[in-house]
Peer 1: 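Pasting a structure here, questions to come.
All chains are named by letter (A, B, ...) in the order of the sequence lines, taking the proteins before the strands, and each is independently numbered beginning at 1.
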2 protein chains.
Amino acid sequence: MASNPAHPYTTNAQSQLAAGDALGALGLTPAFSPLYQQIKGLILQSLQSGEWKPGESIPSEMDLAARFRVSQGTVRKAIDELSAENLVVRRQGKGTFVATHAEQQVQYRFLKLQPDNGDTQSEGPAERTIIDCKRLRASADIARALSLRSGDPVLQVRRVLAYAGVPTILEELWLPGAPFKGLTAERLSNYNGPMYALFETEFGVRMVRADENIRAVNPDSEQAELLNVPITAPLLSVERVAYTYNDTPMELRRGLYRTDTHHYRNALS
Amino acid sequence: MASNPAHPYTTNAQSQLAAGDALGALGLTPAFSPLYQQIKGLILQSLQSGEWKPGESIPSEMDLAARFRVSQGTVRKAIDELSAENLVVRRQGKGTFVATHAEQQVQYRFLKLQPDNGDTQSEGPAERTIIDCKRLRASADIARALSLRSGDPVLQVRRVLAYAGVPTILEELWLPGAPFKGLTAERLSNYNGPMYALFETEFGVRMVRADENIRAVNPDSEQAELLNVPITAPLLSVERVAYTYNDTPMELRRGLYRTDTHHYRNALS
DNA sequence: TAGTGGTCTAGACCACATA
DNA sequence: ATGTGGTCTAGACCACTAC
């Protein structure tokens with residue numbers, strides 16, 4: 001076969017095979033997937049390995065294209081998907097940046113509670129009070145949620161979030177012990193900002209997505225006291241499992257939300 | 001200027017101006033936007049005008065490219081966005097289809113309540129019972145939500161949804177009177193399927209997105225009786241505004257959900 | 001076999017940010 | 001002036017579906 005000046009897909013097929021072999025060498029199924037998906041996977045690995053840290057810029061599309069030996073358009077499509085999944089943020093003229101919970105604009109990305117008078121647009125809670133931070137052994141349900149074994153070491157944190165002096169959210173959260181070694185109530189109290197930002201900068205753990213299960217419940221007497229409501233008050237129970245890369249669960253969080261002055265907002269599409 | 005064999009962006013700019021003029025003729029701001037955004041807008045108009053009906057296929061990318069005098073890639077990017085917004089569904093080898101609430105696969109798209117034991121994956125409620133369907137005048141809050149004036153005619157529907165014989169959802173919904181003229185309790189009772197599918201086929205109204213405000217509340221005595229719970233039971237209050245094309249609100253729905261055997265599931269990313 | 005959407009490339013120019 | 005992401009085109013081939 002003559003080497004025509006333009007036969008893009010031949011080049012493509014070669015790269016595809018090469019990338020497939022790379023995946024095969026990693027012990028993954030060499031199942032067929034488009035080139036840009038494979039490139040996306042490679043970029044994901046670099047994100048996960050910490051080659052580029054949260055807030056930093058990743059190499060330009062041209063650089064990545066050269067590195068992976070594919071066209072710039074293919075890299076672009078890979079980054080398009082990463083951007084749609086909120087793993088990176090593109091900024092025209094500046095570059096593509098690793099997403100972070102520490103940025104002002106998308107702070108408290110996972111907190112859907114908003115004040116009823118929507119003028120103060122989705123700002124974070126004004127006051128945060130740590131109740132305690134204990135080292136425990138995982139019970140069966142905690143272990144299941146975090147993909148651990150019963151009895152594995154976990155950290156339990158409890159705190160209250162208040163808006164304008166009104167305690168509104170009571171949170172109880174569990175973290176796997178190993179990745180969060182060294183986390184104390186004091187460090188949590190001293191940190192001023194979203195807890196997920198602290199996880200990124202201090203422990204290198206980046207939450208990329210989460211699932212929430214929501215119910216209406218009544219508080220027990222201790223919860224009622226902490227939230228300053230009667231035990232007959234209906235409250236939102238929000239159970240969240242947050243995941244880092246590779247769908248690895250890294251946090252179980254159980255929140256009780258007062259919804260007398262706030263509401264949980266959800267956009268459906 | 002000589003007509004070079006390849007000067008794509010010149011062609012592009014011409015088309016851009018042409019499309020811009022078309023928009024201008026419609027009285028819209030001729031503000032700059034990329035060609036594919038303008039094409040997206042034109043496709044959206046055809047969807048809205050009913051040129052292609054829910055469930056039908058729209059013209060192929062090549063046909064649309066010829067129609068709008070742009071490249072197939074530009075049409076593709078426009079359809080990409082419409083697909084991401086769930087307005088159309090692509091099927092490889094078959095075509096691109098207008099999305100519908102009547103399809104088996106995405107039925108009850110807006111219903112986030114799921115049974116606690118996730119084995120029965122997000123199926124619809126088993127039994128639906130219409131309580132009543134009245135013609136009323138819009139109160140101030142109903143009017144505001146539906147972008148009507150106080151006193152405008154609206155329809156109010158109330159119904160109960162049950163799972164395995166257990167009444168679980170009590171819904172009260174308001175619709176603008178004009179578009180839904182002729183809707184009766186009988187027609188609702190006879191229809192077997194999602195209410196949004198009936199809206200599409202019988203009234204030509206397609207809901208494309210919705211916003212929900214969620215709270216924890218206690219029922220009043222009537223609500224408690226209909227749901228077969230004590231008035232002290234905490235319930236989820238889900239207030240939804242559903243929109244058709246052009247962000248036009250077409251339904252206000254207030255639901256009370258029992259969350260003793262079900263939960264509201266939300267994916268955050 | 002033909003038609004559809006899906007992938008990939010190559011190259012050009014635009015819009016934005018920075019120096 | 002340079003480099004980044006953003007847009008647009010043209011053309012090729014792949015994967016799926018239907019006839």
Peer 1: Hey, does the side chain of Arg187(B) reach the backbone of Gly182(B) with a donor-acceptor pair shorter than 3.5 angstrom?
Peer 2: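 Such a contact is found between Arg187(B) side chain and Gly182(B) backbone.
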Peer 1: Find the distance Leu35(B):CG to dA15(C):P and express it as a whole number of Å.
Peer 2: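 In whole Å, dA15(C) P lies 12 Å from Leu35(B) CG.
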Peer 1: Any donor-acceptor pair under 3.5 Å linking the side chain of Thr96(B) with the backbone of Arg90(B)?
Peer 2: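 The answer is no, because no donor-acceptor pair under 3.5 Å joins these two groups.
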Peer 1: Measure CG/Asp63(A) against C1'/dT2(D) and give the value in whole Å, please.
Peer 2: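 These atoms are roughly 14 Å apart.
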Peer 1: Please work out which of the three classes, parallel, tilted or perpendicular, describes the rings of Tyr264(A) and Tyr264(B), given edges at 30° and 60°.
Peer 2: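 Plane angle over 60°, so perpendicular.
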Peer 1: Mind listing the closest non-hydrogen atom pair of Leu268(B) and Phe110(A) along with its distance?
Peer 2: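 It is CD1-O, 3.6 Å.
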Peer 1: Measure from CZ on Arg76(B) to C1' on dA12(D) and round the result to the nearest Å.
Peer 2: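 It is 14 Å, rounded to the nearest whole Å.
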Peer 1: Just N and O in the side chain of Thr96(B): are any of them under 4.0 Å from OP1 or OP2 of dG5(C)?
Peer 2: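 It does, given that an N or O in the side chain of Thr96(B) lies less than 4.0 Å from OP1 or OP2 of dG5(C).
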Peer 1: Could I get a table of every N or O pair under 3.5 Å where one atom is in the protein and the other is in nucleotides 16-19 of chain D?
Peer 2:
unit_1: dC16(D); atom_1: O4'; unit_2: Gln92(B); atom_2: OE1; d: 2.9

Peer 1: Over how many whole Å does the gap from Arg91(A) atom CZ to dG6(D) atom P extend?
Peer 2: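 Between P of dG6(D) and CZ of Arg91(A): 12 Å.
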Peer 1: Rounded to whole angstroms, how far apart are NZ on Lys77(B) and P on dG6(D)?
Peer 2: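 Result: 8 Å.
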Peer 1: Considering only side-chain heavy atoms of Ser60(B), which listed nucleotide, dG5(D), dT4(C), dA10(C), is closest?
Peer 2: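 Comparing dG5(D), dT4(C), dA10(C) against the side chain of Ser60(B), the answer is dT4(C).
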Peer 1: Quick one: do Arg209(A) and Asn86(A) satisfy side-chain hydrogen bond (donor to acceptor under 3.5 Å, both in side chains)? Show the steps, please.
Peer 2: CA-CA 9 Å; Arg209(A) 67 175 191 88; Asn86(A) 290 313; over 6 Å; no
Peer 1: Has the side chain of Gln38(A) got a donor or acceptor atom that lies under 3.5 Å from a matching backbone atom of Ser33(A)?
Peer 2: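 The answer is yes, because a donor-acceptor pair under 3.5 Å joins these two groups.
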Peer 1: Nearest heavy-atom pair of Arg128(A) and Leu161(A): which atoms, and what distance?
Peer 2: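 Nearest heavy atoms, Arg128(A) then Leu161(A): CG-CD2, 3.4 Å.
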Peer 1: Do the side-chain N or O atoms of Arg90(A) get closer than 4.0 angstrom to the phosphate oxygens (OP1, OP2) of dT4(D)?
Peer 2: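 Arg90(A) to dT4(D) OP1/OP2: no side-chain N or O under 4.0 Å.
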Peer 1: For Gln37(B) and dG6(D), what is the distance between atoms CD and C1' respectively, to the nearest whole Å?
Peer 2: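 To the nearest whole Å, that distance equals 12 Å.
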Peer 1: What is the distance, rounded to the nearest whole Å, between atom CD1 of Ile79(B) and atom C1' of dG5(C)?
Peer 2: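 Rounded to whole Å, this separation is 9 Å.
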Peer 1: Rounded to the nearest Å, what distance is computed from the CD atom of residue Glu61(B) to the C1' atom of nucleotide dG11(D)?
Peer 2: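 For the pair Glu61(B) CD and dG11(D) C1', the rounded distance is 15 Å.
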